[in-house]
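Working notes, structure below.
All of these numbers come straight from a predicted model, not from anything done at the bench. Reminder, nothing fancy here: chain letters follow the sequence lines and each chain counts from 1. Computation of the quantities below employed the complete heavy-atom set of this structure, encompassing side-chain atoms and omitting hydrogens, waters and symmetry-equivalent molecules.
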Amino acid sequence: MDDQTRMLAGMGGLGGLSQADVGDPDSVRKQQSLGQPQQDIGDILQQIMAITDESLDEAQARKHALNCHRMKPALFSVLCEIKEKTVLSIRGVQEEDPPDPQIMRLDNMLLAEGVSGPEKGGGSAAAAAAAAAAGGSPNDGSIEHSDYRAKLTQIRQIYHSELEKYEQACSEFTNHVMNLLREQSRTRPISPKEIERMVAIIHRKFSSIQMQLKQSTCEAVMILRSRFLDARRKRRNFNKQATEVLNEYFYSHLSNPYPSEEAKEELAKKCGITVSQVSNWFGNKRIRYKKNIGKFQEEANLYAVKTAVDAANVSAQASQANSPATPNSG
DNA sequence: TGTTATGATTTTGG
DNA sequence: CCAAAATCATAACA
């Protein structure tokens with residue numbers, strides 16, 4: 001709380017309280033009568049200086065007395081004027097918060113990752129978009145994906161609750177300070193403009209804390225992302241039956257091994273893999289077959305006889321309807 | 001432990 | 001945007 005006291009102390013030096021001298025018609029009348037006031041002011045100043053030497057109780061009583069002094073409003077307005085001239089002109093220039101590029105970047109990233117954006121629906125859409133952007137193909141419905149989304153949701157919840165806490169603390173503190181200043185503005189010159197400035201300072205402080213939160217959230221998302229990508233990179237061979245189905249299709253369509261979207265979907269269903277995995281497989285197969293036909297000759301023959309056998313079986317089964325004596329080989 | 005096979009990702013070209 | 005080609009990373013194997 002050192003900061004707080006320092007900030008509050010720093011406030012004292014600025015501004016004039018306009019309503020203090022406007023509101024009191026006495027101050028005008030008193031200022032007009034010369035001679036007497038000069039002595040009064042000297043008197044007041046002397047008493048103010050003397051306060052520091054007195055005990056707390058005495059000082060308190062004296063302060064109250066000074067507050068009620070008939071010359072107080074006049075002195076007050078003079079102080080305001082002086083402060084206005086000396087300090088405000090210097091400070092008034094470098095105002096207006098420049099939008100921090102750092103925090104803008106963090107904001108954008110959190111938005112892009114679906115952390116700070118709209119809840120649930122939009123969030124998962126953004127996550128899917130992020131996943132799609134990370135890899136060429138969206139891997140639909142995989143275990144890792146839902147895992148990733150669950151973790152992201154967790155991060156989002158933590159982020160939002162922390163953010164809320166900070167915002168609440170900020171507004172509480174701001175209110176506290178504002179009340180304090182308003183209270184003090186009765187005894188020392190504090191302009192509303194200055195209270196505003198004070199609030200801005202507090203908000204800046206809190207937003208720097210928020211930036212830390214955003215930064216660590218970003219880091220967490222990045223780590224999660226990289227782990228997610230690593231997990232996706234982990235290769236698991238397709239089962240034997242799946243590769244068989246794929247190879248069968250490939251070698252029986254060797255002249256044009258480009259399955260249509262529907263064919264891909266069917267193959268995917270048969271093999272228990274995704275459509276993009278089917279596409280990957282055919283992409284890899286085409287290029288690798290083309291690169292070294294010799295190496296795949298054996299395989300090609302194998303599947304050629306396989307399909308031939310299948311065809312034979314089919315025709316056999318067809319003929320079985322006519323003559324049920326035909327035996328099938330295993 | 002080195003090599004190959006293979007699924008996934010990235011880069012490139014139309 | 002799609003497919004080829006290159007490349008990466010790991011499973012499977014010798």
_I want to confirm an ordering. Mapping A:P259 and A:N284 to their closest nucleotides on DNA chain C, which one lands closer to the 5' end?_
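This one resolves to A:P259.
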*Upstream residue (5' side of DNA chain C) when A:K264 and A:K291 are each assigned their closest nucleotide*: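 Nearest nucleotide further toward 5': that of A:K264.
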Can you check the [X] [atom1] to [N] [atom2] distance for me, whole Å?
X: A:F250; N: B:dG7; atom1: CZ; atom2: C1'; answer: 16 Å
X: A:I287; N: B:dT11; atom1: CD1; atom2: P; answer: 17 Å
X: A:N292; N: C:dA5; atom1: CG; atom2: P; answer: 14 Å
X: A:R286; N: C:dA4; atom1: CZ; atom2: C1'; answer: 8 Å
X: A:Y289; N: C:dA3; atom1: OH; atom2: C1'; answer: 19 Å
X: A:N247; N: B:dG7; atom1: CG; atom2: C1'; answer: 14 Å
X: A:E299; N: B:dT6; atom1: CD; atom2: C1'; answer: 12 Å
X: A:W281; N: B:dT9; atom1: CH2; atom2: P; answer: 18 Å

*Run the ring-centre check on A:Y303 versus A:F250 and record whether the distance is less than 6.0 Å.*
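Between A:Y303 and A:F250, the centre distance exceeds or equals 6.0 Å.
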*Got A:L267 and A:W281 here, is their nearest side-chain heavy-atom distance under 4.5 Å?*
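They are not in side-chain contact.
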*Can you get from A:L254 to A:Y249 by hopping between Ile, Leu, Val, Met, Phe, Trp and Tyr side chains that sit under 4.5 Å apart?*
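Shared cluster, yes.
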Which pairs, protein N/O on one side and nucleotides 11-14 of chain C N/O on the other, fall under 3.5 Å?
from	atom 1	to	atom 2	distance (Å)
C:dA11	O4'	A:R235	NH2	3.2

*Ignoring backbone atoms, establish whether A:K285 has a side-chain N or O less than 4.0 Å from OP1 or OP2 of B:dG7.*
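It does not, given that no N or O in the side chain of A:K285 lies less than 4.0 Å from OP1 or OP2 of B:dG7.
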_Below the 4.0 Å mark, does B:dG7 have OP1 or OP2 next to a side-chain nitrogen or oxygen of A:Q277?_
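No, outside the criterion.
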*From A:F296 CZ over to A:K291 NZ, what is the distance, rounded to the nearest 0.5 angstrom?*
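Here the interatomic distance stands at 10.0 Å.
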_Distance (rounded to the nearest 0.5 Å) between A:H160 NE2 and A:T217 OG1_ =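 That separation rounds to 9.5 Å.
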_Quick test of your reading: applying salt bridge (Lys or Arg N to Asp or Glu O under 4.0 Å), list the pairs with at least one residue in residues 159-180 of chain A, sequence neighbours left out, ordered by first then second residue._
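Salt bridge (Lys or Arg N to Asp or Glu O under 4.0 Å) check on residues 159-180 of chain A returns A:E162-A:K165.
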_Categorize A:R288 for me: base, sugar-phosphate, or nothing, with a 4.0 angstrom heavy-atom threshold over every strand shown._
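The residue A:R288 makes base contact.
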_Once you apply a heavy-atom cut-off of 4.0 Å, does A:K295 come out as touching a base, just sugar-phosphate, or nothing?_
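Touches sugar-phosphate only.
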*Verify whether one side chain among A:Y289 and A:E299 offers a donor that lies under 3.5 Å from an acceptor in the other.*
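A:Y289 vs A:E299: no donor-acceptor pair found between side chains.
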